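This one's a predicted model, so the numbers in the text were calculated from it and none came from an experiment. In listed order, ligands and their atoms are each counted from 1.
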Amino acid sequence: MADDLLSAADPNADSYSAASIEVLEGLEPVRKRPGMYIGGTDERALHHLVAEILDNSMDEAVAGHASRIEVELLADFSVVIRDNGRGIPIDPHPKFPGKSALEVILCTLHAGGKFSGDAYQTSGGLHGVGASVVNALSDSMVVQVARNKELFQQSFSRGIPLGPVERIGAAPNRRGTTVTFHADEEIFGHHRFKPARLLKMVKSKAYLFSGVEIRWKSEIDDGETPREATFHFPGGLADYLAETLSGTTTYADRPFAGSVDFRRFNAPGKVDWAINWTPSRDGFIQSYCNTVPTPEGGTHEAGFWSAILKGIRAYGERVSNKKAAQITREDLLTGGCALVSCFIREPEFVGQTKDRLATTEAARLVEGAVRDHFDNWLASDTKSAGAILDFLVLRAEERLRRRQEKETARKTATKKLRLPGKLVDCSATNRDGTELFIVEGDSAGGSAKMARDRTNQALLPLRGKILNVLGAASSKMGANQEINDLCQALGVGMGSRFNVDDLRYDKVIIMTDADVDGAHIASLLMTFFFTQMRPLIDKGHLYLACPPLYRLTQGAHRIYVADDAEKERMLAKGLGGKGKIDVQRFKGLGEMDAKDLKDTTMNPKTRKLIRVSIDDEDGGETGDLVERLMGKKPELRFEYIQENARFVEELDV
Ligand SMILES: Nc1ncnc2c1ncn2[C@@H]1O[C@H](COP(=O)(O)OP(=O)(O)OP(=O)(O)O)[C@@H](O)[C@H]1O
Ligand SMILES: [Mg+2]
Ligand SMILES: [Mg+2]
């Protein structure tokens with residue numbers, strides 16, 4: 001039996017012995033598995049190198065030892081980070097004879113001064129890994145330390161010292177640490193530091209700790225990022241939020257913002273926060289712990305939302321708004337824009353890139369600190385409080401209604417959706433190849449109904465009433481019949497509840513008259529889709545139909561033209577027939593007979609369609625764009641859309 005087992009075993013088993021078990025020494029593991037330490041080798045990971053070194057300087061500043069940090073991007077993509085803190089210790093390390101503390105810190109994993117909380121109270125650093133990891137992944141790293149009026153330096157390559165730490169001169173007026181490193185291309189390949197991304201990081205650090213001034217310099221010019229800037233924000237997170245939301249309508253004039261020391265809970269640290277609500281975009285929360293961004297949230301976020309939720313419900317009760325009890329955390333996030341930054345002792349993060357805070361204590365501390373202040377704020381600014389409460393109640397009702405609709409839909413045995421009465425649906429059961437034409441007015445719907453291909457083309461006539469609504473806040477939209485019809489016909493929800501997979505049609509085609517009013521309605525609809533159903537545009541489902549403005553007839557010859565210029569050209573050139581050219585201007589789609597409409601605008605073989613797309617080069621700027629599109633003057637909107645040829649891309653389909 002045992003023999004069988006042995007003979008069945010892999011003949012190569014012998015070579016898998018103790019000799020195959022490697023122990024990676026020093027910083028080798030970092031170079032072998034960078035992902036474990038910095039989350040990968042892509043652009044994000046590359047930029048994380050700067051975060052590690054900058055965090056060390058920030059820790060020094062938050063501990064009260066440094067007031068200024070300089071970050072410089074050099075022409076060869078080296079990064080220099082300098083602070084005026086205490087300077088990394090350079091004296092011989094008691095446990096490693098012959099090595100300075102500096103060398104131990106930079107060449108050993110888990111060497112650091114932040115384990116005990118003696119040298120730092122609330123630091124972002126805690127693993128003793130950051131600086132050594134950056135060193136391991138840099139083909140060149142030079143660290144200068146100014147301490148006791150002397151300047152010291154040590155150089156490294158790929159984590160290996162090129163010599164001992166040396167005194168290189170006097171530094172009578174200086175103190176602090178300067179780290180210059182160049183990321184190793186063997187690890188990061190073609191990825192390069194992006195000035196804009198670094199600037200954003202640097203700036204957010206200055207907002208997070210108002211006790212520091214950060215100077216930025218870049219020898220790389222990307223055409224948009226300033227080459228030099230100095231950041232110091234005494235207003236902290238309130239200013240940060242105001243900048244993020246600049247130009248956006250908000251429910252409170254001043255955000256609910258504050259800063260509370262945890263001393264009153266007998267704990268070290270504090271929390272800073274700022275929050276406001278807006279009808280014009282989806283909400284977000286950016287959280288930080290000890291100035292380290294925590295994009296996946298964690299206990300501090302949970303504590304924060306808990307305080308806000310309990311506060312708003314209690315306020316609702318006080319003003320006898322019974323519906324306030326229905327508000328949930330999910331509702332808070334719709335339109336709620338929040339920044340939360342806590343400083344705590346010995347934080348526990350998930351992973352070395354510290355994406356999520358796990359310290360249980362943080363939830364209790366943050367909730368306790370924010371709650372009282374929120375109650376006071378709501379009581380003192382009743383105008384903002386009322387507006388926010390009304391908004392949140394609407395969101396809660398909307399959510400409940402949707403859930404109920406889903407449940408009733410599930411209950412009906414025939415899985416048929418509730419569709420608006422005026423929808424002229426197509427017969428195809430599969431979404432592929434189907435089209436929904438949104439047409440202006442009922443009369444246009446008449447010819448379109450005859451012109452369509454009933455197997456795959458559906459129609460939804462919308463009345464002019466929609467105009468008034470599209471300028472309104474999204475909370476009002478939910479209550480509007482036309483918008484509800486549109487959502488039901490498409491089979492989707494608005495805003496954060498939009499799911500592109502639910503879409504009932506492949507193409508959504510806006511078909512309005514070829515005049516100014518038509519263009520106006522089209523631009524309003526585009527704005528609506530942009531703000532409420534953005535993925536519908538991103539995934540290429542939204543189109544504009546291009547109905548003609550004129551029909552020219554000369555005997556048996558007949559053509560359609562889109563605009564005046566083309567009409568003049570054709571009149572001069574002639575149609576090839578005899579006699580007078582008859583010109584008919586279509587005042588509206590409703591005037592076209594079904595055949596004309598079919599040939600020019602609806603038949604996939606002969607029509608022209610424009611696909612609506614958004615040029616998202618400037619990612620973060622979309623907020624501005626929404627404001628511009630949502631602004632009060634419709635002419636501006638249409639001009640904007642027309643001028644930005646990039647916004648609509650022509651396509652014959
Ligand atoms: N700019 C600096 N000024 C003073 N001391 C520093 C500076 N940078 C690093 N140090 C010292 O070096 C130690 C190691 O830094 P390193 O970034 O490797 O780990 P850490 O910050 O302790 O933890 P983490 O791995 O979470 O970043 C720090 O704990 C600190 O004592
Ligand atoms: Mg660190
Ligand atoms: Mg280290």
Side-chain angles (χ1 to χ4, degrees), residues 26-27 29-30 34 36-39 48-71 79-91 93 95-96 99-138 141-148 151-154 156 159 165 174-181 201 205 209 212 214 288-294 344-359:
L27 294 178
V30 182
M36 256 194 69
Y37 298 89
I38 51 163
H48 188 73
L49 300 182
V50 177
E52 287 287 357
I53 303 298
L54 181 56
D55 283 351
N56 285 344
S57 291
M58 281 301 286
D59 282 344
E60 199 65 7
V62 172
H65 301 295
S67 57
R68 202 174 60 234
I69 298 173
E70 292 166 39
V71 177
V79 177
V80 186
I81 294 168
R82 174 178 297 123
D83 65 53
N84 62 350
R86 289 169 294 184
I88 298 179
I90 37 78
D91 41 324
H93 197 280
K95 267 202 207 155
F96 299 84
K99 279 189 189 171
S100 67
L102 174 68
E103 183 175 331
V104 172
I105 281 172
L106 286 158
C107 302
T108 324
L109 289 173
H110 306 296
K114 301 169 192 170
F115 296 113
S116 63
D118 293 343
Y120 294 89
Q121 278 264 320
T122 62
S123 58
L126 70 155
H127 303 140
V129 164
S132 34
V133 165
V134 178
N135 189 23
L137 302 177
S138 299
M141 176 139 155
V142 178
V143 182
Q144 286 190 348
V145 174
R147 261 180 98 105
N148 309 329
L151 188 61
F152 302 89
Q153 175 173 311
Q154 190 168 16
F156 310 82
V165 58
R174 234 180 100 181
R175 56 177 220 136
T177 307
T178 307
V179 176
T180 306
F181 70 92
M201 184 195 300
K205 294 285 181 191
F209 183 64
V212 72
I214 308 189
Y288 303 84
C289 178
N290 298 355
T291 84
V292 174
T294 41
I344 58 172
R345 189 163 170 155
E346 294 179 30
E348 276 171 60
F349 294 99
V350 180
Q352 172 66 18
T353 47
K354 303 173 180 160
D355 289 339
R356 183 151 48 95
L357 184 66
T359 313

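With rounding to the nearest 0.5 Å, the separation of OG in S67 from CD1 in I214 is 11.5 Å. The CG atom of L27 lies 6.5 Å from the CG atom of N135; values are rounded to the nearest 0.5 Å.
P89 is listed as a side-chain neighbour of R147, based on a closest heavy-atom distance under 4.5 Å. For the pair L357/I344, a side-chain contact is recorded, criterion being any heavy-atom separation below 4.5 Å from C-beta on. Within the 4.5 Å cutoff, no side-chain heavy atoms of D355 are placed close to those of F349. Taking 4.5 Å as the limit, some side-chain heavy atom of V143 sits within range of a side-chain heavy atom of F156. When side chains are defined from C-beta on, V165 does not count as touching E103, because their heavy atoms never get closer than 4.5 Å. In this structure, N290 and V62 have side chains that are not in contact, with every pair of non-hydrogen atoms separated by 4.5 Å or more.
Checked against a 3.5 angstrom limit, the closest N/O atoms of I105 and ligand 1 fall outside it. Residue I88 has no nitrogen or oxygen atom sitting less than 3.5 Å from a nitrogen or oxygen atom of ligand 1, judged on distance alone. Here's the thing with G87: none of its N/O atoms is less than 3.5 angstrom from an N/O atom of ligand 1. Taking only nitrogen or oxygen atoms, main chain and side chain alike, D83 reaches within less than 3.5 Å of ligand 1.
Each of the atoms 27 (O) of ligand 1 lies under 4.0 Å from some heavy atom of E52. Listed by number with element, the atoms of ligand 1 under 4.0 Å from a non-hydrogen atom of G130 are 16 (P), 17 (O), 18 (O), 19 (O), 24 (P), 25 (O), 27 (O). The ligand atoms of ligand 1 that sit less than 4.0 angstrom from a heavy atom of G112 are 13 (C), 14 (C), 29 (O). For ligand 1, the atoms closer than 4.0 angstrom to any heavy atom of Y120 are 4 (C), 5 (N), 6 (C), 30 (C), 31 (O). Residue K354 approaches ligand 1 through these ligand atoms, each under 4.0 Å from one of its heavy atoms: 24 (P), 26 (O), 27 (O). Those atoms of ligand 1 with a heavy atom of A131 less than 4.0 angstrom away are 16 (P), 17 (O), 18 (O).
Side-chain atoms of D83 come within 3.5 Å of backbone atoms of T177 as a donor-acceptor pair (strictly under, hydrogens ignored). Between the side chain of T180 and the backbone N or O of V80 there is no donor-acceptor pair closer than 3.5 Å.
Around the Mg ion (ligand 2), the protein N, O or S atoms found under 2.8 Å comprise N56 OD1.
Ligand 1 has no atom lying under 4.0 Å from any heavy atom of H65. Ligand 1 has no atom lying under 4.0 Å from any heavy atom of R86.
A pairwise comparison of heavy atoms in R175 and R86 identifies NH1-CA, 3.8 Å as the closest pair.
Partner of I69 under the side chain to side chain contact (heavy atoms under 4.5 Å, CB included) criterion, chosen from M58, E60, R82, K205: M58.
When non-hydrogen atoms are compared, ligand 1 lies under 4.0 Å from the side chain of T177 (C-beta onward) but not from its backbone.
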